[in-house]
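Single-structure report; data block below.
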There are 4 protein chains.
Amino acid sequence: MTHKEDKRELIKDKSLILFSERGFEATSIRQIAQASNINIAMISYYFGSKEHLLEEIIKDKLGVIKLYEKDIIFNNNNSEQNLEIFIKNLIEKFIQNTAFYNLLHSELVIKQRVFSGETYYTVKQHNEAILQKIIASGIAEGLFRLTPTISVIQAFIIGPYINFILNRRYYSNIAEPGTDDSFDRYIRDVLVPNIIKSTISLLK
Amino acid sequence: MTHKEDKRELIKDKSLILFSERGFEATSIRQIAQASNINIAMISYYFGSKEHLLEEIIKDKLGVIKLYEKDIIFNNNNSEQNLEIFIKNLIEKFIQNTAFYNLLHSELVIKQRVFSGETYYTVKQHNEAILQKIIASGIAEGLFRLTPTISVIQAFIIGPYINFILNRRYYSNIAEPGTDDSFDRYIRDVLVPNIIKSTISLLK
Amino acid sequence: MTHKEDKRELIKDKSLILFSERGFEATSIRQIAQASNINIAMISYYFGSKEHLLEEIIKDKLGVIKLYEKDIIFNNNNSEQNLEIFIKNLIEKFIQNTAFYNLLHSELVIKQRVFSGETYYTVKQHNEAILQKIIASGIAEGLFRLTPTISVIQAFIIGPYINFILNRRYYSNIAEPGTDDSFDRYIRDVLVPNIIKSTISLLK
Amino acid sequence: MTHKEDKRELIKDKSLILFSERGFEATSIRQIAQASNINIAMISYYFGSKEHLLEEIIKDKLGVIKLYEKDIIFNNNNSEQNLEIFIKNLIEKFIQNTAFYNLLHSELVIKQRVFSGETYYTVKQHNEAILQKIIASGIAEGLFRLTPTISVIQAFIIGPYINFILNRRYYSNIAEPGTDDSFDRYIRDVLVPNIIKSTISLLK
DNA sequence: TATGAATGAGAGTTCATTCAT
DNA sequence: TATGAATGAACTCTCATTCAT
């Protein structure tokens, strides 16, 4: 049982990497089988089809990128501090699941895909609700003014990060040559503080 | 002569739409041939291969999205006004070339692609140089402080927009139901002013 | 013990139906396993292979379609009456084993099949021997003349019936709409009397 | 043009033989490609799919097995003579298209096939109409009585023949060992006269 | 220059069977 | 004895490309 589950998970892990690196269409099940060191028939055997494999990966990972209110909103913080935690946690989710977000963004561009984005939007809305709560508190505290809608605010949190990873090679030259670690550190140390600053400016 | 050029252009136009909608790999030359009402052999004949067709499309369009300093920096404006013009013009380029940017972002995610991004980065750097000049003037005028690097600033201009179009369906519900026109209008009327506000805040 | 035998029989029953409806090649062991509510591995386990399963089904059913002299030839009947009983009994066997005969005829067409027809021909010859006896008696009684060979006679008994079931849908419209029962009744009431009439005419 | 048509026809000819010998499902497009000395991709290229190839073969051959009234009914013949010509012509069509009829009978057994038999029944009905006309004349001439329906009569013409070819190996021993020619001769010389005799007996 | 015909390679999937327990 | 897991082989079909004219 667990043996089977191990292989299933292995296939999904390897597939996610390949899908994110080469795209779904450009990745063949033969490549997945080779990377996972399994027989090509196993993909159909376990998942039914390549498309179902994709769907299962997305469904799985959507659960992982959910934020939890208890980790973000603290009673002894003011709303600005909570907003800071929200942004840091959100970006951290992205950093920890870069491959998945790459895949997700590829898929979001494609119109014809079975994955319509609906399930992703549910998670997006869930996270947005927490942000909503923080901003509402901030307004009550007199710290924020409600200027743009929540969804627009969210674009200013996630957008700069997405732009960064989409242009990873471009920014690598700017940050430090080479390693992924230094790139992630640059995001945490330079990008995130500016995202926080920018976001607060929009709420003032 | 011009007849041939017409067909070449037609193929590129139709390909761009298909590539942006379905992705490069998922688009077959048969689909392109059908959409362009030409023989399948023509794509290889004209462009050498499907991959070369993609490269030519990208090379062509990169020229189109270049900004020109004379359209943006005016002597009788202060730097904040120029920055505003820069942002508006840049986003307008995006809006006018949505299909191309969709394709570009798909391709940027893919590691193995022949298209390395180099040529794109040249254009990106060209546009960045204009922004650089505006900010330098602003600092000289005492309006701006150089806090983050230019490249980071650029992420805050383009990022929110990218986030918007990637989640087009998500935001459609928020903006107005349906038409592409209303979506673009929302970008111009709501998103862009906030981008301007956010960017300036980072420079203060 | 009997439990195992039950499953074996179940598999054979379900297989016969599927083979006759879809053909041997077009029936997968997965379909059989599903229809029989057993594990896929069971077919190979019990029968060795799909082909052996087919052979066993045919071997089994060949026993069922054997006629017995004692049921057909009665001393107090004349040969014409015995011939009538022979034909009725033979066709009744067909009606009672429609699925099997469908399968048999499919297989007889195929040249390359392992099932060579030899075993079937043994049964066919067995039944023919009874017919032979009846006709011989008829000649002795002065009722029949031996015109065509026995085998040719048999073709005029079985042939019209085979033609009927092969064109079942065609004849359904002619007979009565729909049910299998009404179709079988038509065979018994209309076809069989004509077969008898035709056969006797050939022997006169 | 003709070159292409030649290959198309070659593929259909070879496919018909293979289908009739091994069955549709058991024949792979590789086997067809090899027998036709063409690339396997050609089957899809020319016919769309293996199934469409089958359909085209059936459609083609259905045209060939049509009888023409002018070849059968002559004014200076009586109805019995015309019936004799009808039977001879019909069986001759079968003999000339044995492979096709083998295939047809395989397909008629299968329920799930796309080929539903409808088109075949149209041809069957067409030929039946000619028989109908002959019998009607025969009744008018006082030669025949209308006993069973036309469709039943047809079963007594075609049935014995079908039974013969289905049990070809069985009857080979009876006729002459071996060659197809001697088998066909046996049908013409022995079977057909008996079919005529049997049919007339049913009409008296 | 232009194109219908043709091709080899590879795609995803399903097959009957065997393995390990 | 019984079965879920796993496999290699084969399946049909589509791919981008090239050939022949």
What is the distance, to the nearest angstrom, from the [atom1] atom on [X] to the [atom2] atom on [N]?
X	N	atom1	atom2	result
B/Ile29	E/dA11	CD1	P	17 Å
A/Glu25	E/dG12	CD	C1'	12 Å
D/Ile43	F/dC15	CD1	P	17 Å
A/Asn37	F/dG8	CG	P	11 Å
B/Leu18	F/dC15	CG	C1'	16 Å
A/Asp6	F/dG4	CG	P	19 Å
C/Leu54	E/dA16	CG	C1'	14 Å
D/Lys7	F/dA20	NZ	P	12 Å

Legend entry - D/Ser49 vs C/Ile38, nearer the 5' end of DNA chain F by closest nucleotide: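 Counting from the 5' end, the first nearest nucleotide belongs to C/Ile38.
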Legend entry - Upstream residue (5' side of DNA chain F) when B/Ser28 and A/Met42 are each assigned their closest nucleotide: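 Residue closer to the 5' terminus by nearest nucleotide: A/Met42.
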Inset, instruction - Could you check if a side-chain atom of C/Leu54 sits within less than 4.5 angstrom of a side-chain atom of C/Leu103, using non-hydrogen atoms only? - result: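 In contact.
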Inset, instruction - Mark yes or no for whether A/Ser20, through its side chain, and A/Ile17, through its backbone, hold a donor-acceptor pair below 3.5 Å. - result: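 Indeed, once roles are kept as given, a pair shorter than 3.5 Å links the two residues.
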Inset, instruction - Examine distances only and state if a side-chain atom of B/Lys50 and a backbone atom of B/Thr27 form a donor-acceptor pair shorter than 3.5 Å. - result: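 At least one qualifying donor-acceptor pair exists.
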Inset, instruction - Could you check whether C/Ser44 gets within reach of a base, just the sugar-phosphate, or nothing at all, counting any heavy atom under 4.0 Å? - result: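 Base contact.
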Inset, instruction - Pick base, sugar-phosphate or nothing for D/Ile40, based on heavy-atom distances below 4.0 Å to the nucleic acid. - result: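 Base contact - D/Ile40 has a heavy atom under 4.0 Å of at least one base atom.
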Inset, instruction - Output yes when A/Arg22 and B/Glu25 qualify as a salt bridge under the 4.0 Å nitrogen-oxygen rule, no when they do not. - result: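 Answer for the salt bridge query: no.
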Inset, instruction - Taking only Lys NZ, Arg NE, NH1 and NH2, and the carboxylate oxygens of Asp or Glu, determine whether D/Lys59 and D/Glu56 approach each other closer than 4.0 Å. - result: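 A salt bridge is absent here (no side-chain N lies under 4.0 Å from a carboxylate O).
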Inset, instruction - Kindly indicate whether the side chain of A/Arg30 and the base of E/dG12 share any N or O donor-acceptor pair separated by less than 3.5 Å? - result: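 Answer is yes: a donor-acceptor pair is held.
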Inset, instruction - Could you tell me which nucleotide pairs with F/dT7 by Watson-Crick or G-U wobble geometry, both distances under 3.5 Å, or answer none if nothing does? - result: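 The base-pairing partner of F/dT7, which may sit in any strand shown, is E/dA16.
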Inset, instruction - Just name whichever nucleotide pairs with E/dT21, Watson-Crick or G-U, keeping both distances under 3.5 Å, else none. - result: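 With both distances under 3.5 Å, E/dT21 matches F/dA2.
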Legend entry - N/O (side chain, A/Asn39) to phosphate O (OP1/OP2, F/dG8) under 4.0 Å: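 Checking F/dG8 against A/Asn39, a side-chain N or O does come within under 4.0 Å of OP1 or OP2.
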Inset, instruction - Would you indicate, yes or no, if F/dT7 has its OP1 or OP2 atom less than 4.0 angstrom from a side-chain nitrogen or oxygen of A/Tyr45? - result: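 Indeed not, no polar side-chain atom of A/Tyr45 lies that close.
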Legend entry - Of C/Gly48 and A/Lys50, the one whose closest DNA chain E nucleotide lies more 5':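 Here A/Lys50 is the residue nearer the 5' end.
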Inset, instruction - With the side chain of D/Ala41 defined as its heavy atoms from C-beta on, choose the nearest nucleotide among E/dT3, F/dC13, E/dG8. - result: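 The listed nucleotide nearest to D/Ala41's side chain is E/dG8.
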